[in-house]
**Q** 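One structure is given below, represented as C-alpha cells, and several questions about it will come after.
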Number of protein chains: 2
Amino acid sequence: MHPRRPFVKTRRLDSFILCSVTPNKTPGTPRRNDRSRRAILDAARELVAEKGYAKLTIEAIAARAGVGKQTIYRWWPSKGAVLLDSVLALSQNGEGEGAEQAITLPDTGDVEADLKALMRATAAEFSDPSFEAPIRALNSEIANDPDLAAVYAEQVAAPVEEAKRERLRSARRAGQIAADTDLDLFLDMLYSPLYQRWLLRSGELTPQYTDRLVEAVLRAFPPAK
Amino acid sequence: MHPRRPFVKTRRLDSFILCSVTPNKTPGTPRRNDRSRRAILDAARELVAEKGYAKLTIEAIAARAGVGKQTIYRWWPSKGAVLLDSVLALSQNGEGEGAEQAITLPDTGDVEADLKALMRATAAEFSDPSFEAPIRALNSEIANDPDLAAVYAEQVAAPVEEAKRERLRSARRAGQIAADTDLDLFLDMLYSPLYQRWLLRSGELTPQYTDRLVEAVLRAFPPAK
DNA sequence: CAAGCGAGACGAGACGGTTCGTTTCGTCTT
DNA sequence: AAGACGAAACGAACCGTCTCGTCTCGCTTG
C-alpha cells in the first residue's frame with residue numbers, strides 16, 4: 001500500500017534514517033510529517049521512562065504525541081521498531097546533525113587508560129535514568145524478535161563495534177596487546193560482563209569494577225616480549 | 001485474601017518451592033491441587049515454546065491446562081512468575097526428586113579441561129529449543145521486573161553461582177589460577193560473553209568459541225610461578 | 001503566473017476482536 | 001462448614017483496521 005516502506009523488516013533497509021535526516025525534496029517521495037515523527041519518538045521515550053515498557057501502549061504514544069494511531073502504524077511495523085527508532089534518534093541527535101559519521105574513539109596511545117575511561121563512561125551511561133528504561137525495554141524486544149535484532153545490529157551495534165575494533169588495532173600495532181589477539185573475543189570479554197551486570201542487575205557498576213575488568217582482559221592478551 | 005501467599009513479590013519468600021515439592025500435610029495450610037499446578041507449569045512451557053513469549057496468554061495457559069483462570073491468578077502474581085516457576089520446576093525435576101540439594105560441578109583436577117567441558121555443555125543447553133524459548137522469555141521479564149529478578153537470583157542463579165565458585169576455589173588451591181583471583185570477576189568474564197552471544201544472537205555458540213574463551217580467561221588469572 | 005485538481009499524509013475516532021483481571025456460581029474434597 | 005476447584009460472564013484496556021474530513025503539496029491548465 002505504501003509507495004516506499006520506511007521501516008522494513010528484512011535485512012535490506014535503504015536509509016530510513018537518512019531519509020529522515022536529509023530534507024525530503026525528491027519527487028514522488030511520500031510526504032512524511034517530521035514534526036509528527038519527532039513527537040512520536042519523544043512520546044515513546046518519555047512514556048517508557050515513566051510507566052515502564054510493559055505499560056507502553058501505541059494508543060498512549062499517539063495520545064501524548066497528539067497524533068492519530070494510523071500515523072504510527074503507517075510508518076512502523078511494531079512497538080519495538082518505534083522504540084528502536086527513538087533510541088536511534090536520541091543517540092544521533094546527541095552526536096550532531098550530520099548523517100552517518102564514522103565514530104572514533106579517543107586514542108592517547110595508552111590502551112589501558114583509554115579503555116578504563118571508556119568503560120567508566122559506558123557504565124555512567126548505563127546508570128543514566130533517561131537511557132536506562134528505553135534501552136532496557138529495547139533489549140527485551142530484541143531478545144525475542146530476530147528481525148528487530150538484525151536492524152539493531154546493523155544500525156546501532158555495528159558502527160560502534162567497528163570503532164572499538166579500530167582502537168584495538170591501533171593498540172595491537174603499538175605492541176600493547178598480543179599480535180594475534182582476536183579482537184572480537186577481546187571485546188566480548190570486555191563489554192559482556194559490564195552489560196550483563198547491568199541488564200540482570202547482578203551487581204553495581206562501579207569504576208573499581210570496570211577498572212579491574214579492563215586490567216584482567218588486558219592480562220589475557222599480553223604482547224610478546 | 002489468601003491465607004498464605006505462595007509467590008511473594010518481596011525479598012522474603014519462605015520456601016514456595018519446597019512447599020510444592022514436599023507433600024502438603026500440615027493442617028491449616030491451603031489445599032492446593034498439585035495436579036493443576038503441574039498442568040499449568042507444563043502448559044506454560046509448551047505454549048511459550050510453540051507460540052513464542054509475545055503470544056503467551058494466561059487464558060491460553062488455563063485452557064490448555066484445563067483449569068480456571070482464577071486458579072492461576074490465585075497462586076501467581078504475574079505471567080513472569082508462572083514462567084519462572086515452570087523453568088524452576090523443570091530444572092529441579094531434571095535433577096531428581098529430592099528438595100534443595102547442593103549442586104556440584106565435575107572436578108577432575110584439571111580446571112581448563114573441566115571448564116571447557118562445562119562451557120560446551122552450557123552452549124549446547126542454550127541451543128536446545130525446549131530450553132531456548134522459556135529462558136529467553138524469562139530473561140525479558142527479568143530485565144524489566146526487579147522483583148522477579150530478585151527471586152530468580154536467589155532461587156536459580158545463586159546455587160549455580162556458588163557451585164561454580166566452589167570449583168574455582170578448588171583450582172585456586174591447586175595452584176592452577178592466581179591465588180588472589182577475584183572469583184566473581186572470573187565468572188563474569190567466563191559466562192557473560194557466552195550468555196550475551198546467545199541472548200543477542202551476535203554469533204554462533206561453537207565449541208571453538210567456548211574453548212578459546214576459557215583459554216583467554218585462564219590467561220587473565222595466571223598462577224604465580 | 002495563478003487557479004484548480006488530485007494524491008496522499010494527517011488528526012480523530014469508531015469498529016470488532018482479544019486479553020486482561022475480577023467476580024459469581026455450583027461442585028467437590030476434606 | 002470451609003475453601004479450592006472448573007467454568008463462564010463481566011467491564012475495561014488495547015489491539016490493528018477502517019473510514020471520515022482536512023490539509024498540504026506538486027502538477028496541470030487556462
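Sequence lines set the chain letters: A, B, ... in the order given, protein chains first and strands last, and positions in each chain run from 1. Worth saying up front: this structure is predicted, and the values here are computed from it rather than measured.
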**Q** Could you tell me the separation between the CD atom of A:Q70 and the P atom of C:dC10, rounded to a whole number of Å?
**A**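 Taking atom P of C:dC10 as the reference, CD of A:Q70 is at 10 Å.
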**Q** To the nearest Å, give me how far apart NZ (A:K69) and P (D:dC15) are.
**A**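 Taking atom P of D:dC15 as the reference, NZ of A:K69 is at 7 Å.
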**Q** On the nucleotide D:dC5, are OP1 or OP2 found under 4.0 Å from the side-chain N or O atoms that B:S36 carries?
**A**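 No.
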**Q** Is there a side-chain contact between B:R74 and the phosphate of D:dA4, meaning an N or O under 4.0 Å from OP1 or OP2?
**A**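 For D:dA4, OP1/OP2 do not have a side-chain N/O of B:R74 under 4.0 Å.
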**Q** Is A:D184 salt-bridged to A:R165, going by a charged N under 4.0 Å from an acidic O?
**A**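 A salt bridge is present here (some side-chain N lies under 4.0 Å from a carboxylate O).
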**Q** Whole-Å distance between C:dT19 C1' and B:L47 CG?
**A**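 That distance rounds to 14 Å.
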**Q** Kindly indicate whether a cation-pi arrangement holds for B:R37 with B:W76, taking the cut-offs as under 6.0 Å to the six-membered ring centre and within 45° of the axis.
**A**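 No, B:R37 does not lie over the aromatic ring of B:W76.
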**Q** Compute both the distance and the angle, then confirm whether A:R32 meets the cation-pi test with A:W75: under 6.0 Å from the six-membered ring centre, within 45 degrees of the axis.
**A**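 Because its charged atom sits under 6.0 Å from the ring centre and within 45° of the axis, A:R32 does stack over A:W75.
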**Q** Nearest whole angstrom, please: distance from the C1' of D:dA13 to the NZ of A:K55.
**A**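 Nearest whole value for this atom pair: 12 Å.
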**Q** Is the phosphate of C:dG21 approached by B:W76 (side-chain N or O, under 4.0 Å from OP1 or OP2)?
**A**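 So the side chain of B:W76 is outside the cut-off, no N or O lying under 4.0 Å from OP1 or OP2 of C:dG21.
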**Q** Below the 4.0 Å mark, does C:dC10 have OP1 or OP2 next to a side-chain nitrogen or oxygen of A:W75?
**A**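 So the side chain of A:W75 is within the cut-off, an N or O lying under 4.0 Å from OP1 or OP2 of C:dC10.
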**Q** Please state how far atom NZ in A:K79 lies from atom C1' in D:dC14, giving the value in whole angstrom units.
**A**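 Roughly 10 Å, once rounded to whole Å.
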**Q** Grab the CG-P distance between A:N33 and C:dA12 for me, whole Å please.
**A**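 In whole Å, C:dA12 P and A:N33 CG are 12 Å from each other.
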**Q** D:dA13 P sits how many Å from A:K51 NZ, rounded?
**A**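 Value for this atom pair: 13 Å.
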**Q** Which sits closer to the 5' end of DNA chain C, A:A65 or A:E59, going by the nucleotide each is nearest to?
**A**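 Here A:A65 is the residue nearer the 5' end.
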**Q** Provide, to the nearest angstrom, the distance between the OH atom belonging to B:Y73 and the C1' atom belonging to D:dA8.
**A**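 After rounding, the reported distance stands at 14 Å.
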**Q** Could you verify whether a donor N or O on one side chain and an acceptor N or O on the other, from A:E141 and A:Y53, lie under 3.5 Å apart?
**A**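 Judged by distance alone, the side chains do pair up.
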